[in-house]
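Lettering of chains follows the sequences in order, A, B, ..., and the numbering in each one begins at 1. Basis for what follows: all heavy atoms, side chains included, without hydrogens, waters or symmetry-related copies.
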Amino acid sequence: MQPMLLTSADEWPRGNEWIYEVKYDGYRAILHWENDLPTIISRNQRDITFLFPEIIDFCKRTYPLLAPFLPLTMDGEMVFLENNFRSNFSIVQSRGKTKSKQKVEEASKKFPCQFIAFDLLKIQGTDLVTLPLIERKKHLSQLFKETPLPNKIKFFQRGQIQCIESYEDGDSLWKMIKTHNGEGMIAKRKTSLYTAGKRIDDWLKIKNWRMVTVIVHTFNKENDYFTGAVYKDNQLTEVTAFKHGLTDEQFQTLAAFFRTKGEKLSSSVWMLPPSICADIACIDFDGKKLREPRFHSFRFDLSPEECYWKNFQKQLHPMPEEVPVTHPEKPIWPKLNLLKEDYLLYLEYIAPYMLPFLQNRALTTIRYPHGVPGEHFYQKNVPDYAPNYVQTKQIEGIHYIVCNNLSTLFWLGNQLALEFHIPFQTIDTAHPTEIVFDLDPPSQKEFPLAIEAALKMKAIFDQLQLQSFVKTSGNKGLQVYIPLPKNQFTYDETRIFTEFICQFLVNQVSHKFTLERLKKNRGNKLYLDYVQHAEGKTIIAPYSPRGNEWGSIATPLYWEEVKEGLNPNHFTLPTIIERIKTIGDPFNHFFEAGENQPLKAVLKELKNLLKK
DNA sequence: GGAGAAT
DNA sequence: ATTCTCCAACGCTAG
DNA sequence: CTAGCG
């Protein structure tokens, strides 16, 4: 089956005969599911099923519940979600190119993708393609309602099949897409039938073009392409090749300029020293090249020196309109030469990995309005000048900020909230969402003690079949997490567990670990702080910076990284983004891991044990 | 960083 | 006009 | 007992 194609448009049609959806950037794919295993076929009929084992696994798990609806066929997009309105194409592309079984398996764990379903072509063996879109959508949402498939896009649920959301109001959806820096929007006529392999005006795509400025660098007469470059570390770096968008006259003039003034690099290529700047429209940057570049206009008002990496990044990641940025050039981490705009760019990149942990939690921030070092203060209450996209929750008289959206994160960034502290529970429950052990050595010198304690804990948790996670605290210690199923355990119960584990470790290695609360009585031992895991207490959020001069980040680690030689100083703001790009996010399975932890049995044993 | 109060 | 002050809370200690 | 400190 060929997927139905989209027609490009500059504007979206309005009126109630249309619905609107996010355009996700990934691989267009048709998912056929007849027996226990589905097959996923790309647009050019390539079977990509085995490139995405996380989808296969998910289908295997849910097969018993889905069986009554098979055979079914869904049209959708294989994506890596960064938020509900944007996906990351480069990751899907790289997944699509990974072939060896072992690498595929590894990639599926580190960069789990999602299949976003937006159309249902067959259910229980019955063809739906001759029904109008709106009817097919009803069947689709019915399917997701009656099964455990999540019926809303949730970017922080990895490796699943999700159902796209349809919107009646294109204008407000477009706003959200702009805010989240998405690829674009799709408009579909409610009455449209599914016309396989055809491009008709019932399905329209409207792209969210972003404009970037480059230095026109080379011209190749063989294919009429120009290249554009920007300065990165003082080196001219090519970031695009373009030819579309120039008028004939512009093309002739520019080409002639290269031929007469340029330096000839080969039989067909000329190069110009940096002089001419141009605006290029694109839909993204894949790490090496702009995607869908299109010449827009010359920028004779700019000098080439202004086309450098950071400006390029800023143009690719514009701040949402509703978040005004003040003093972008204020130095925040002077030792690292990091400005406020660098911090905001960090937040932009880290948001997909950090926001899931801030979701529905009463937030405490530490603000450094003049950078670090510098005067700072804790803030719990929302200031009354906060914009209305900042959600709040009143708890015991305090109006906490709840950072549930990207704009709020940026706004907090602009407020120079550098440290994000969160409780162990969400605002909708009295039960802890996870257990955290704080391994706090007396000083940096004793960090190996934290490594040792963490590994001992990990061994215990493995034995108990409890999945655990580990991160640096961003100061001098480590923190070990056990995510819990929702609403299952009380703080009293988790206390029994945390106290037992800590006591056990101290009994085992009493010359290295201690439960002593008073600092002066701890000596050089590692303090196992189980008191810190309690209602009303908070802990630094994953990927939050710490307000120190070195720009430390509370960094999630893979357990394999926790071994002799692990250096907590390595995890600083400038290194984290590259780290996630290459090895992924060690916490990406955190929330799904929580749901089936066998802590109940462990607690029962412990309670019996303690009675005697 | 931003508001309101104090100087 | 400019400067100052506030923005958590909990355990501890000195007075 | 409380203001101040971290």
Side-chain angles (χ1 to χ4, degrees), chain A residues 319-334 338-348 358 361-403 406-425 427 436 438 440-444 473-477 491 495 498-499 514-523 527-541 544-549 554:
Chain A
M319 276 286 134
E321 229 169 78
E322 66 270 25
V323 186
V325 175
T326 52
H327 315 295
E329 309 203 344
K330 174 183 276 208
I332 305 303
W333 282 277
L338 289 177
L339 313 181
K340 190 173 174 182
E341 60 188 8
D342 300 313
Y343 176 48
L344 290 171
L345 220 45
Y346 170 77
L347 289 181
E348 147 92 36
L358 303 183
R361 299 201 199 217
L363 185 65
T364 301
T365 61
I366 305 182
R367 292 179 49 194
Y368 292 74
H370 314 296
V372 290
E375 197 187 313
H376 64 271
F377 56 90
Y378 283 73
Q379 184 157 308
K380 292 192 177 212
N381 275 297
V382 63
D384 51 15
Y385 54 83
N388 55 21
Y389 51 77
V390 175
Q391 297 177 21
T392 62
K393 168 84 178 178
Q394 186 176 5
I395 301 169
E396 289 170 4
I398 297 173
H399 296 266
Y400 286 95
I401 289 177
V402 180
C403 184
L406 196 56
S407 297
T408 303
L409 185 65
F410 290 146
W411 181 79
L412 286 165
N414 186 62
Q415 289 279 298
L416 286 173
L418 299 190
E419 294 199 12
F420 294 75
H421 295 253
I422 49 171
F424 306 99
Q425 84 234 41
I427 51 176
V436 186
D438 199 358
D440 190 21
S443 78
Q444 180 80 245
S473 71
N475 282 331
K476 49 195 166 39
Y491 280 101
R495 170 56 61 89
T498 53
E499 188 171 350
T514 178
L515 301 177
E516 180 58 53
R517 307 262 299 281
L518 259 57
K519 209 160 190 170
K520 58 173 185 175
N521 296 338
R522 281 185 213 155
Y527 175 42
L528 293 173
D529 189 358
Y530 64 82
V531 180
Q532 198 54 37
H533 184 266
E535 186 161 19
K537 309 267 196 222
T538 63
I539 192 162
I540 193 77
S544 170
R546 300 308 296 253
N548 61 44
E549 298 181 68

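- Which of C:dA9, C:dA8, C:dC7 sits closest to the side chain of A:F377 comes down to C:dC7.
- Nucleotides C:dT3 and D:dG6 have their C1' atoms positioned 27 Å apart, rounded to a whole Å.
- Applying the salt bridge (charged side-chain N to carboxylate O under 4.0 Å, His left out) definition to pairs two or more places apart or across chains, none involves residues 378-388 of chain A.
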Seminar exercise, completed: In B/S/- notation (B base, S sugar-phosphate only, - none; protein heavy atoms under 4.0 Å), nucleotides 2-7 of chain B written 5' to 3' is SS----
Can you give each donor-acceptor pair under 3.5 Å made by side-chain atoms of residues 361-370 of chain A, sequence neighbours left out, with the distance rounded to 0.1 Å?
from	atom 1	to	atom 2	distance (Å)
A:R361	NE	A:F357	O	3.1
A:R361	NH1	A:P423	O	2.9
A:R361	NH1	A:E434	OE2	2.8
A:R361	NH2	A:E434	OE1	3.1
A:R367	NE	A:Q415	O	2.9
A:R367	NH1	A:Q379	OE1	3.0
A:R367	NH1	A:Q415	OE1	3.2
A:R367	NH2	A:Q415	O	3.4
A:R367	NH2	A:Q415	OE1	3.0

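- Residues that satisfy the ring pair (Phe, Tyr, Trp, His ring centres under 6.0 Å) test with A:Y491, not counting sequence neighbours, are A:H533.
- Comparing the P positions of D:dC5 and C:dT5 gives an interatomic distance of 15 Å, to the nearest angstrom.
- Shown here are the side-chain contact (heavy atoms from CB on, under 4.5 Å) partners of A:S473, two or more places apart in sequence or in another chain: A:N475, A:Q479, A:R546.
- Here C:dA9 presents its P atom at 12 Å from OH of A:Y378, a figure rounded to the nearest Å.
- A:Q391 contributes atom CD, which lies 7.5 Å from atom CD1 of A:I427 (distance to the nearest 0.5 angstrom).
- Atom CD in A:Q379 sits about 10 Å away from atom C1' in C:dC6, given to the nearest Å.
- A:H376 places its NE2 atom 11 Å from the C1' atom of C:dA8, with the value rounded to the nearest Å.
- Computed from coordinates, the A:I398 CD1 to C:dA8 P distance equals 7 Å when rounded to whole Å.
- Annotation for A:A534 and A:R495: closest pair CB-NH2, 4.0 Å, computed over non-hydrogen atoms.
- With C1' as the reference atom, C:dC7 and D:dT2 are 23 Å apart, rounded to whole Å.
- Only the P atoms considered, C:dA9 is 23 Å distant from D:dC1, to the nearest whole Å.
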Listing, residues 393-402 of chain A side-chain donor-acceptor contacts under 3.5 Å, not counting sequence neighbours, or none:
none

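- The NZ atom of A:K537 sits 13 Å away from the C1' atom of C:dA8 (whole-angstrom rounding).
- Rounded to whole angstrom, the span from the OH atom of A:Y368 across to the P atom of C:dC7 amounts to 17 Å.
- Rounding to whole angstrom units, CG of residue A:L363 and P of C:dA9 are separated by 14 Å.
- If you measure from atom CD of A:Q532 to atom P of C:dC10, you get 12 Å, rounded to the nearest angstrom.
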